[in-house]
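A quick write-up on the structure given underneath.
The chains referred to below are lettered A, B, ... by the order of the sequence lines, with proteins before strands, and numbering in each begins at 1. Note that this is a predicted model, so its numbers are computed, not measured.
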There are 2 protein chains.
Amino acid sequence: MPPVSVESAAERGIPDAAVARLPGYLRALDTMTASGIASVSSEELAVEAGVSSAKLRKDLSHLGSYGVRGVGYDVSHLRYEISRALGLTHDWPVVIVGMGNLGRALAQYGGFEQQGFSVVALLDHDPEVVGQRVGDLVVQPMTVLPALTGSGVVIGVIAAPAQAAQDVADALVGAGIGSILNFAPSAVNVPDGVQVRRVDLASELQILAYHEQRRVESAESGAPADGTAASASARTVGVAR
Amino acid sequence: MPPVSVESAAERGIPDAAVARLPGYLRALDTMTASGIASVSSEELAVEAGVSSAKLRKDLSHLGSYGVRGVGYDVSHLRYEISRALGLTHDWPVVIVGMGNLGRALAQYGGFEQQGFSVVALLDHDPEVVGQRVGDLVVQPMTVLPALTGSGVVIGVIAAPAQAAQDVADALVGAGIGSILNFAPSAVNVPDGVQVRRVDLASELQILAYHEQRRVESAESGAPADGTAASASARTVGVAR
DNA sequence: ACGCCCTTGTGAACATTTGCACAAAGTCGC
DNA sequence: GCGACTTTGTGCAAATGTTCACAAGGGCGT
Ligand SMILES: NC(=O)c1ccc[n+]([C@@H]2O[C@H](COP(=O)([O-])OP(=O)(O)OC[C@H]3O[C@@H](n4cnc5c(N)ncnc54)[C@H](O)[C@@H]3O)[C@@H](O)[C@H]2O)c1
Ligand SMILES: NC(=O)c1ccc[n+]([C@@H]2O[C@H](COP(=O)([O-])OP(=O)(O)OC[C@H]3O[C@@H](n4cnc5c(N)ncnc54)[C@H](O)[C@@H]3O)[C@@H](O)[C@H]2O)c1
């Protein structure tokens, strides 16, 4: 690491890979709280979160030294420290754009709210959809975006069709949104400094398919299956349907 | 990994990071096909897929040498080669477990089918839900699982509540499912060799929140913003750009 | 048929992430 | 109080992933 002179404790610059795992630790801690557990070792927490204990300790070391050697971590204190590192000490207002099937499901799903986010606005460009009520909110037109960002909304969710995703992203960025969660199955290009994360089921399934294919191929190990014959292998799978 | 001596051309062992990007390339190629584009350079495809061209070329090099120097890649041929590498030369049957809000939405969402997967069964443990019709299928009890795997189903989707996720995973693994896509916000433990991927919106939002927080903090750079005052920061966001 | 020009495929440098192993540090029983 | 025992936090090495930069290769115009 560069010799970052002062650098208070360790508050700045947690590696991306570690940041991506923090929410999992948070969730595991919540589960333990619900079970009435007050203290955990890195080993126990690691199992609950599905990682190795060494990785867990290394990750936590980036946010400071909150464990007690020989004992473990205090569940509620660690929960607080991770929350703070992630910026969840206050709720973040979120806007969802695109009120189709997915947008409605997300708007009504309580999973956000419990985790430090609150859906404060629902937008759609279709005049037919604008004005409809979804849960506690009324769908608004795209033109209100600047007003939303003006009042502090910085996270946007794209739930519009793929071909509209880039337009929506442009509108969000133009209005000052700095972080985007994209459910549309397409990449969006944004300026430097704007964060985009994509959630795509088809991609996830395709990645699983790759691993399944490998398993099938290695199951027929004995046969070198080199060259020509290889292509037939996938068919094998009993798949009677 | 053991040093796999012979290793034909490049068919085996594509790095995980590359595999995770292949679906994105596939999607980008589909978009180009729809636009009537027959040939692309790595640079153009990289922009469409949202990666750097060097990364794209390196990734593709793991599946073979399918480009033409000075020209680029033939869209339909590259599409085929990526499909083949991912194991998408045939459809994969999928079972969804948990027919609540999310399960129903997934079952009726066409996004799977277009991409090489077909939902062949819907399961739930609740007798009230079993027998209901969702789209073209009737919800079946958990007891049919072994029959499904017997006929070739190897990919399962968990759309049950978090506290049931481990039980469902155990049932899936016990029946012979080898790959699981888990939508419940909890980690599941499975034996070696079983693949699990998790999709969790709250985690994604929390990761975005971390980056937003950093942006806010660096905006108030001069001020150390240590301790107490920090919590007010988020409201600020002048985000004039 | 030749050479120019363009883009691929890849070796090598660099960066990040993971895993190991253990000294440091604290608790708890006695 | 003190020593034995437990578990953290971390230095280091290995593995994995990314970026750079360019030689090799192939088409296309002439
Ligand atoms: N339905 C699912 O289960 C599901 C699951 C995963 C991903 N997705 C993806 O999510 C996206 C939305 O899916 P859906 O089923 O809700 O689609 P949908 O067609 O039901 O809804 C899309 C909504 O977006 C609005 N919209 C279109 N263009 C817009 C624009 N430029 N600005 C603002 N709003 C616009 C439309 O008016 C419509 O209300 C799609 O990209 C889809 O692939 C859907
Ligand atoms: N609703 C959403 O928009 C959404 C979005 C993201 C993630 N999720 C997550 O997806 C999961 C399901 O959400 P939901 O809203 O559909 O919940 P839900 O309560 O509507 O549905 C859950 C279904 O699972 C069934 N089930 C429960 N235990 C089971 C078991 N052991 N075996 C088989 N089936 C069982 C129930 O009978 C019920 O039909 C949850 O973990 C939720 O956090 C939901």
Side-chain angles (χ1 to χ4, degrees), chain A residues 1-4 7 9-22 24-25 29 32 37-75 77-78 81-82 85 192 207 210-211, chain B residues 1-4 7 9-22 24-25 29 32 37-75 77-78 81-82 85 192 207:
Chain A
M1 296 308 117
V4 201
E7 188 76 47
E11 193 61 23
R12 237 141 263 274
I14 303 170
D16 283 349
V19 170
R21 285 185 293 265
L22 293 181
Y25 304 153
L29 288 169
M32 313 208 116
I37 297 168
S39 172
V40 272
S41 68
S42 62
E43 185 56 38
E44 296 164 328
L45 187 55
V47 169
E48 180 68 33
V51 301
S52 73
S53 63
K55 206 187 273 183
L56 171 72
R57 287 201 300 278
K58 178 84 79 174
D59 287 349
L60 294 184
S61 76
H62 292 112
L63 20 140
S65 191
Y66 302 117
V68 179
R69 293 171 189 228
V71 177
Y73 301 87
D74 178 79
V75 172
H77 183 223
L78 184 57
E81 291 296 346
I82 296 178
D192 274 6
I207 295 166
Y210 170 79
H211 293 292
Chain B
M1 297 304 121
V4 201
E7 189 75 49
E11 192 61 23
R12 236 145 264 274
I14 302 170
D16 284 349
V19 170
R21 285 186 293 265
L22 294 181
Y25 303 154
L29 288 169
M32 313 209 114
I37 298 168
S39 173
V40 272
S41 67
S42 63
E43 184 57 38
E44 295 164 329
L45 186 55
V47 169
E48 180 68 34
V51 301
S52 73
S53 63
K55 204 187 271 182
L56 172 72
R57 287 200 302 277
K58 178 81 78 174
D59 286 349
L60 295 184
S61 76
H62 292 111
L63 19 139
S65 190
Y66 301 117
V68 179
R69 293 172 190 230
V71 176
Y73 301 86
D74 178 78
V75 172
H77 183 223
L78 184 57
E81 291 295 345
I82 295 178
D192 274 7
I207 294 165

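- In this model, a side-chain donor or acceptor of A/Lys58 finds a partner on the base of C/dG19 within 3.5 Å.
- Between B/Ala85 and B/Ile14, the closest heavy-atom pair is CB-CD1, 4.2 Å.
- If you measure from atom CD of A/Glu44 to atom P of D/dT6, you get 14 Å, rounded to the nearest angstrom.
- Rounded to whole angstrom, the span from the NE2 atom of A/His62 across to the P atom of C/dT16 amounts to 12 Å.
- Here B/Leu63 contributes atom CG and B/Leu78 contributes atom CG; the two are 7.5 Å apart, rounded to the nearest 0.5 Å.
- Atom pair B/Lys55:NZ and C/dT8:P shows a separation of 17 Å (rounding to whole Å applied).
- Atom pair B/Asp16:CG and C/dT17:C1' shows a separation of 13 Å (rounding to whole Å applied).
- Between C/dT18, C/dT27, D/dG17, one nucleotide has an atom nearer to the side chain of B/Pro15 than all others, and that is D/dG17.
- Applying the 4.0 Å criterion to OP1 and OP2 of D/dT7, one finds that A/Ser42 has every side-chain N and O outside that range.
- Comparing A/Gly70 and A/Ala17 by the nucleotide of DNA chain C whose heavy atom lies nearest to each, the residue mapping closer to the 5' end is A/Ala17.
- Protein atom CG of A/Leu56 is 15 Å distant from nucleotide atom P of C/dC20, rounded to whole Å.
- For A/Arg57 and C/dC22, the CZ to P distance is 14 Å, given to the nearest whole Å.
- Going from atom CG of A/Leu22 over to atom C1' of C/dT17 covers 15 Å, rounded to whole Å.
- Closest approach of A/Ala46 to A/Leu56, counting heavy atoms only: N-CD2, 3.8 Å.
- Atom pair B/Leu60:CG and C/dT8:P shows a separation of 9 Å (rounding to whole Å applied).
- For B/Ser61, the side-chain atoms get nearest to C/dG9 when compared with the rest of D/dT19, C/dT18, C/dG9.
- If you check every strand for non-hydrogen atoms under 4.0 Å, A/Ser53 touches nothing.
- Distance check, rounded to the nearest 0.5 Å: CE of A/Met32 to CD of A/Glu44 gives 6.0 Å.
- A close approach under 4.0 Å does not occur between any side-chain nitrogen or oxygen of A/Tyr66 and OP1 or OP2 of D/dT7.
- A donor-acceptor contact under 3.5 Å is not formed by the side chain of B/Arg69 with the base of C/dT7.
- Contact of the B/Ser61 side chain with the B/Arg57 side chain is not registered, since no non-hydrogen atoms from C-beta on lie closer than 4.5 Å.
- OP1 or OP2 of C/dG9 has at least one side-chain nitrogen or oxygen of B/Ser65 nearer than 4.0 Å.
- Between B/Ser41 and A/Val71, the residue anchored nearer the 5' end of DNA chain C, judged by the nucleotide with its closest heavy atom, is B/Ser41.
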